[in-house]
Amino acid sequence: MPAVPARVRRATRPALTTAGALAGTAALLLATAPGAAAAPPAPDQPVRPGQAWMGSGTRIEQPGAAPGGVSAYDTSGVQGIDVSHWQGAINWTSVKNAGISFAYMKATEGTTFKDSRFGANYTGSYNAGLIRGAYHFARPNASNGATQANFFASNGGAWSRDNQTLPGVLDIEHNPSGAMCYGLTTTQMRTWINDFHATYKARTSRDVVIYTTASWWNTCTGSWNGMAAKAPLWIAHWGVSNPGIPSGFPTWTVWQYTATGRVAGVSGDVDRNKFNGSAARLLALADNTP
């Protein structure tokens with residue numbers, strides 16, 4: 001979930017009083033404060049290509065689970081966050097000190113968009129000692145899966161066995177800009193996902209992680225089980241004690257359990273996630289070891 005900063009009212013004419021000058025100075029400081037981020041599209045507005053983030057389609061399916069403010073959630077176990085340019089500048093040392101073990105950040109979307117904060121987030125999280133990875137927001141109506149997998153692998157989605165790099169993520173969820181399944185049939189969607197997976201694995205040697213919801217997967221792939229033995233599942237299910245998983249998948253690997261989390265070092269709301277296993281198993285996922 002992107003951060004939602006307070007709106008700053010713009011004066012229609014120059015302020016001439018001392019009070020007005022002070023108010024203007026305060027507004028300027030707020031607008032330029034470190035970590036400040038632009039507001040994302042409101043829930044009742046479409047998300048244009050290039051604006052999407054992990055969960056921007058999920059909020060269409062689960063609107064009641066993403067209210068304003070902080071919701072209750074389980075912070076036990078191995079915790080993580082996911083971010084994009086909507087979070088603005090992040091203090092990754094503070095994130096690490098807050099007990100966060102891993103982070104994913106948006107790298108690409110569709111065939112041309114590169115997230116403006118990816119480089120800073122990817123390097124900053126690594127230097128702070130987090131295990132981190134990159135995600136690609138899928139736009140299946142923009143090209144075939146292979147084209148987008150190649151774009152992702154060439155622009156942040158690569159992998160190396162360095163104890164801190166997780167396999168890339170295919171973020172495929174409810175279209176935040178239009179028809180739920182991007183205009184594809186279930187057969188076409190299965191082909192698209194399989195081509196993305198095969199191309200990404202050929203480029204990186206890793207199986208891509210799939211981020212989705214049970215509702216989207218069951219509807220748009222026809223409850224397909226073709227990825228269950230290939231791709232770790234990252235399930236988005238907010239505001240529940242246990243997530244529902246798509247048909248065909250035996251279990252979840254990562255669970256995005258809220259879009260309104262708070263973590264030191266991040267301004268405003270941030271998606272929070274839980275890894276299904278120990279810290280040693282998270283490292284094994286990163287290093288591709290049994």
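What you are looking at is a predicted structure, and each value in this text was computed from that prediction instead of being measured.
Looking only at side-chain heavy atoms (C-beta outward), Y122 and D115 stay at 4.5 Å or farther from each other. Residues S154 and R203 form a side-chain contact, since some pair of their non-hydrogen atoms from C-beta on lies under 4.5 Å apart. For the pair V47/N175, no side-chain contact is recorded, criterion being any heavy-atom separation below 4.5 Å from C-beta on. Side-chain contact check for E173 versus Y211: some heavy-atom pair is nearer than 4.5 Å. Side-chain contact check for R272 versus I100: some heavy-atom pair is nearer than 4.5 Å. By the 4.5 Å heavy-atom criterion applied to side chains, Y200 and L170 are not counted as neighbours. By the 4.5 Å heavy-atom criterion applied to side chains, P43 and R59 are counted as neighbours. At least one side-chain heavy atom of L285 sits less than 4.5 Å from a side-chain heavy atom of R206.
Atom-to-atom distance recorded for S223:OG and F249:CZ is 11.0 Å, nearest 0.5 angstrom.
A side-chain donor-acceptor contact under 3.5 Å links N91 to the backbone of S94. T221 places a side-chain N or O within donor-acceptor distance of the main-chain N or O of W217, the cut-off being under 3.5 Å. Between the side chain of E109 and the backbone N or O of R139, no donor-acceptor pair lies under 3.5 Å. In this structure a side-chain-to-backbone donor-acceptor pair under 3.5 Å is present from S56 to W53. In this structure, the side chain of R190 does not engage the main chain of T185 through any donor-acceptor pair within 3.5 Å. Between the side chain of W159 and the backbone N or O of A286, at least one donor-acceptor pair lies under 3.5 Å. With Q45 contributing its side chain and P40 its backbone, the two residues share no donor-acceptor pair below 3.5 Å.
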Discussion item. R161 vs D287, test: salt bridge (Lys or Arg N to Asp or Glu O under 4.0 Å). Steps then yes/no.
Written reply: CA-CA 5 Å; R161 184 179 284 115; D287 285 351; 5.3 Å; no
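A donor-acceptor pair shorter than 3.5 Å can be found between the side chains of T165 and D162. For the residue pair N144 / T147, a side-chain donor-acceptor distance below 3.5 Å is found, with atom types taken as modelled. Side-chain polar atoms of H237 and Q256 form no donor-acceptor pair below 3.5 angstrom. For the residue pair S177 and R48, no side-chain donor N or O sits within less than 3.5 Å of a side-chain acceptor on the partner. Side-chain contact annotation: N121 with K106, donor-acceptor N/O pair under 3.5 Å absent. Using modelled atom types and a 3.5 Å distance limit, the side chains of S125 and K96 yield no donor-acceptor pair. Between D171 and H136, the side chains place no donor N or O within less than 3.5 Å of an acceptor N or O (distance only, hydrogens not considered). In this structure, a donor-acceptor pair under 3.5 Å is present between the side chains of T258 and T260.
In this structure, W255 and Y257 have perpendicular ring planes: the angle between them is above 60°, well past the 30° mark.
Aromatic ring centroids of H85 and F118 lie 6.0 Å or more apart.
Each of Y135, W252, Y104, F275 was evaluated against W234; a single residue qualifies, Y104, per the ring-ring contact (aromatic ring centres under 6.0 Å, His included) test.
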